[in-house]
Amino acid sequence: MTLSLFYQKLDEWIGTGTGKQDIRAVVRRCWFFDFDGYPIRVWQGQGRLHTEDGNSWLGTFDGKGNTLLRTPRISDGRDGTAPTYEFTLSIIDTPGLPAQEAYDALKSEQSRVKSRTLTGYYALFENGEGLRPNTPLEFFKELTMLSSRFEEKLELDGTSLVRRYSVTIIAKDGNSGRSNIPGGTYSDTVQKWRAAQLGVVNDRGCEFVAGLADRTYHPQ
């Protein structure tokens with residue numbers, strides 16, 4: 001199997017290094033909010049990022065160090081836990097799309113948000129390097145947007161009043177509810193409960209599943 005450009009570059013920049021001081025790679029997260037008709041792509045940095053897939057991403061930090069996106073800690077939901085995540089995104093003017101237009105459209109027709117996908121990626125940079133075209137990108141998480149809240153307020157920016165728009169997204173990953181399906185993906189708790197229904201007192205079959213998440217094993 002051919003490695004993606006992301007992992008090719010990662011191998012190249014890590015090289016034969018054996019300590020943290022030898023690592024030349026820096027990873028930042030990108031988020032794609034697939035709002036119907038008003039898609040928004042942002043990345044964890046400043047300036048406009050161009051990635052190998054041909055997309056452009058807005059930096060979540062402005063020149064004053066303020067962030068346009070507040071994100072939760074992301075966990076692995078394959079053990080059946082599937083926590084709820086809350087993202088808050090400030091909507092700003094972009095070329096050809098004023099912030100107020102996007103905000104009003106999403107607020108008035110929330111079907112543009114509900115059940116749409118929110119996808120996370122890793123973007124790879126060489127340590128100390130500035131932005132450049134075709135930054136390597138790698139998928140890491142897909143969530144489903146369940147509901148949204150909207151906020152519009154006036155703030156003082158220097159000597160001027162500026163109207164700010166933000167949307168808060170409630171999302172879950174694709175593992176939500178899977179442990180409720182007979183024969184589906186099990187969590188340790190659900191496995192023990194099912195075993196008890198069959199009269200098995202101590203079923204440890206799924207006890208170590210969560211600990212094995214995100215690990216790669218190579219045959220010897």
Side-chain angles (χ1 to χ4, degrees), residues 26-75 82-125 130-174 176:
V26 178
V27 175
R28 296 285 182 264
R29 285 181 175 177
C30 301
W31 293 100
F32 173 37
F33 293 81
D34 189 19
F35 301 132
D36 185 14
Y38 298 87
I40 295 177
R41 289 180 171 86
V42 294
W43 76 284
Q44 182 189 8
Q46 188 173 357
R48 190 177 292 272
L49 173 68
H50 300 279
T51 51
E52 60 170 325
D53 60 355
N55 287 312
S56 177
W57 309 72
L58 298 174
T60 56
F61 295 98
D62 62 20
K64 299 178 181 179
N66 301 313
T67 182
L68 303 177
L69 177 65
R70 295 197 300 273
T71 61
R73 180 180 178 275
I74 304 298
S75 62
T84 299
Y85 299 110
E86 184 172 300
F87 295 77
T88 298
L89 173 67
S90 296
I91 301 176
I92 62 173
D93 291 331
T94 55
L97 183 59
Q100 184 175 358
E101 179 183 335
Y103 177 86
D104 289 344
L106 296 174
K107 185 177 180 180
S108 62
E109 296 182 50
Q110 294 193 33
S111 60
R112 296 183 183 275
V113 178
K114 185 175 175 58
S115 299
R116 304 287 293 182
T117 57
L118 168 55
T119 310
Y121 300 88
Y122 292 127
L124 186 66
F125 305 85
L131 296 181
R132 60 180 174 78
N134 302 320
T135 298
L137 199 66
E138 183 73 12
F139 167 86
F140 90 94
K141 193 74 168 179
E142 182 174 284
L143 306 173
T144 299
M145 296 185 278
L146 303 178
S147 62
S148 52
R149 302 193 306 270
F150 295 84
E151 183 179 14
E152 177 181 350
K153 59 184 178 181
L154 285 172
E155 292 182 348
L156 188 63
D157 186 0
T159 58
S160 304
L161 283 174
V162 178
R163 192 171 297 277
R164 309 286 190 190
Y165 305 94
S166 66
V167 54
T168 296
I169 301 296
I170 307 300
K172 276 186 173 290
D173 71 17
S176 176

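Taking 4.5 Å as the limit, every side-chain heavy atom of Pro72 sits out of range of all side-chain heavy atoms of Glu86. Side chains of Phe125 and Thr135 form a contact here, defined as non-hydrogen atoms less than 4.5 Å apart. Between Tyr38 and Thr94, every side-chain heavy-atom pair lies at or beyond the 4.5 Å cut-off. Counting only heavy atoms from C-beta outward, the side chains of Leu161 and Leu156 approach each other to under 4.5 Å.
One distance of note links OG of Ser166 with CZ of Arg149; it measures 9.5 Å at 0.5 Å rounding. Taking CD1 of Ile92 as the start and CG of Leu68 as the end, the distance is 5.0 Å to the nearest 0.5 Å. Between Leu143 atom CG and Arg116 atom CZ the span is 14.5 Å, to the nearest 0.5 Å. In this structure, OG1 in Thr117 is found 13.0 Å from CG in Asp173, a value given to the nearest 0.5 Å. Here the CD1-OG distance, from Ile40 to Ser90, works out to 10.0 Å after rounding to the nearest 0.5 Å. Expressed to the nearest 0.5 Å, how far CD of Glu101 lies from CG of Leu106 amounts to 10.0 Å.
Smallest separation of non-hydrogen atoms from Met145 and Phe35: SD-CE2, 3.6 Å. Taking all atoms of both residues into account, the shortest heavy-atom contact from Cys30 to Ala123 is SG-CB, 3.7 Å. Smallest separation of non-hydrogen atoms from Leu131 and Arg48: CD1-O, 3.3 Å. Across all their heavy atoms, Arg41 and Ser56 have their closest contact at CB-O, 3.7 Å. Nearest heavy-atom pair across Tyr85 and Arg73 is CE2-O, 3.3 Å. In terms of heavy atoms, Trp57 sits closest to Thr51 at NE1-OG1, 2.8 Å.
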Item to complete: Quick one: do Phe140 and Trp31 satisfy ring pair (Phe, Tyr, Trp, His ring centres under 6.0 Å)? Show the steps, please.
Response: CA-CA 10 Å; Phe140 90 94; Trp31 293 100; 5.6 Å; yes

Discussion item. Please determine whether side-chain contact (heavy atoms from CB on, under 4.5 Å) holds for the pair Phe33 and Ile91, giving the CA-CA distance in whole Å, both sets of side-chain angles, and the decisive distance to 0.1 Å.
Written reply: CA-CA 12 Å; Phe33 293 81; Ile91 301 176; over 6 Å; no

Discussion item. For a side-chain contact (heavy atoms from CB on, under 4.5 Å) check, start with the C-alpha distance between Tyr165 and Gln100, then their side-chain angles and the critical distance, and finish with the verdict.
Written reply: CA-CA 7 Å; Tyr165 305 94; Gln100 184 175 358; 3.4 Å; yes

Item to complete: Given side-chain contact (heavy atoms from CB on, under 4.5 Å), test Thr119 with Asp34 step by step and report yes or no.
Response: CA-CA 8 Å; Thr119 310; Asp34 189 19; over 6 Å; no

Worksheet item: Stepwise, does the side-chain contact (heavy atoms from CB on, under 4.5 Å) test hold for Glu138 with Leu124?
Response: CA-CA 8 Å; Glu138 183 73 12; Leu124 186 66; over 6 Å; no

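The residues Glu155 and Lys153 are annotated as salt-bridged, a charged nitrogen and a carboxylate oxygen being separated by less than 4.0 angstrom.
Side-chain atoms of Gln46 never come within 3.5 Å of backbone atoms of Phe61 as a donor-acceptor pair (strictly under, hydrogens ignored). Side-chain atoms of Glu152 do not come within 3.5 Å of backbone N or O of Arg163 as any donor-acceptor pair. Side chain of Asp93 to backbone of Pro98: no donor-acceptor contact under 3.5 angstrom is found.
Using a 30° and 60° split on the angle between ring planes, Phe139 and Tyr121 fall in the perpendicular class, above 60°.
Checked by atom type, the side-chain pair Thr168/Thr88 shows a donor-acceptor distance below 3.5 Å. Between the side chains of Ser148 and Gln110, at least one donor N or O lies within less than 3.5 Å of an accepting N or O. Using modelled atom types, one finds a donor on one side chain and an acceptor on the other under 3.5 Å when comparing Thr84 with Lys172.
Of the candidates Thr67, Asn66, Leu89, Thr67 is the only one forming a side chain to side chain contact (heavy atoms under 4.5 Å, CB included) with Thr60.
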